[in-house]
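This report refers to the structure that appears directly beneath it.
Both counts, for ligands and for their atoms, begin at 1 and track the order of listing. One is the number of the first residue; the rest follow in order along the sequence.
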Amino acid sequence: MEPAELFRRYDHNPLFTFRQMPYPCHSVFNTGATLLPNGETLLLLRVEDLEGRSHLTVARSEDGVTDWRIEDRPLLHPDDGDPYEAYGCEDARITRLEEEDAWVIAYTAYSPYGAGVALAKTRDWKSVERLGLMLAPNNKDAAVFPRKIRGKYWMLHRPVAGSLEHIWLTDSPDLRHWGSPYCIIKERGGPFWDGRKVGANTPPIETPEGWLILYHGVKQMPGGPTYRMGAALLDLEDPRRLISRLPHWILAPHEWYEVTGDVPNVVFACGAVERGDEIHLYYGAADTYICLAYAKTADLLDALLAHKVNSRIPAGVSY
Ligand code: BMA
């Protein structure tokens, strides 16, 4: 284990390459993940086709590690007819909404208009209802919280404002109308690992200490960007209150499959599942492979609680 890393890698990474796919494709990476009621792990793989566009395809496994059964056709595809997805459906974050007995999928809808945030809903992973584009371009890295807070749905997202790329919160009464923008985690600027931009990775994970947020930070290097992962904690009953943000990264590209590929020096998770006292993180490596890493939830929380911040919500901000 690397000194700062709280995740340990699966011994047989990469977990998936394009070679495991049941149909020809270029690469498979950045996957959403969820646990099904029967205990199986379901992944929603980002698959880049041989033309260069991405679609989203379901894979299932009993133990979340071996014997993957991969659907032979996509669940969400850029040719399904939505003009805002004409260049691709990318980077799905899956949230189980118990109150709705459904899963909501937040994904990047990429088109000639730019990259925006779209939502879709499914109950059976066979059919899917597109709720449509929710946040106009340029905006991505959206992930819905797994339950209502103060009677509303909440979502993390990452708009692009000039050269600034911070993580924001928004809320909604119905998963369709989103408002109350609130900036929660800023890119740090300067030489820091999260200086150039930040964005949510997995959907928030509810813990007794707060919402555990796993996010990526980008540092611009002369040879290109380096994508690493960090962690923060938000208040359970008011996620606008930042409890803690680790100053250092917790997973960084070091292995061959993370430093070589279509985009070198990238670890980029979209999904995690909780199994026992561990978080199983499914992450994209170098925009080419899917990998797996594990961390003890308690280790992440211990580290975070040692770095509490004193955040206050400015007067004048209301719900
Ligand atoms: C981000 C996203 C990810 C990708 C990452 C590294 O902007 O588009 O899909 O993994 O860049 O290339």
(message) Over 60° means perpendicular and under 30° means parallel, so tell me whether Y257 and Y289 are parallel, tilted or perpendicular.
(response) perpendicular
(message) When you compare ligand 1 with N30, is there at least one nitrogen or oxygen pair between them that comes in under 3.5 angstrom?
(response) yes
(message) Would R46 count as a polar contact of ligand 1, with the cut-off being nitrogen or oxygen pairs under 3.5 Å?
(response)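 For ligand 1, there is an N or O atom that lies under 3.5 Å from one belonging to R46.
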Looking only at protein heavy atoms, which one is nearest to [atom], and what is the separation?
atom: atom 8 (O) of ligand 1; result: K140 NZ, 3.1 Å
atom: atom 12 (O) of ligand 1; result: D287 OD2, 2.7 Å
atom: atom 11 (O) of ligand 1; result: Y227 OH, 3.1 Å

(request) Identify, with sequence neighbours excluded, every residue that meets ring-ring contact (aromatic ring centres under 6.0 Å, His included) alongside Y113. (result) Y84
(message) Assess whether a salt bridge exists between R150 and E237, defined as any Lys/Arg side-chain N lying under 4.0 Å from an Asp/Glu carboxylate O.
(response) no
(request) Please determine if E100 and R123 form a salt bridge, counting it only when a charged side-chain N lies under 4.0 Å from a carboxylate O. (result)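 The answer is no: the pair does not qualify as a salt bridge.
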(request) Could you list the residues that satisfy side chain to side chain donor-acceptor pair (under 3.5 Å) with D299, not counting sequence neighbours? (result) none
(request) For D91, take its heavy atoms, then give the atoms of ligand 1 lying under 4.0 Å from any of them. (result)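 With D91 as reference, the close atoms of ligand 1 come out as 2 (C), 3 (C), 9 (O).
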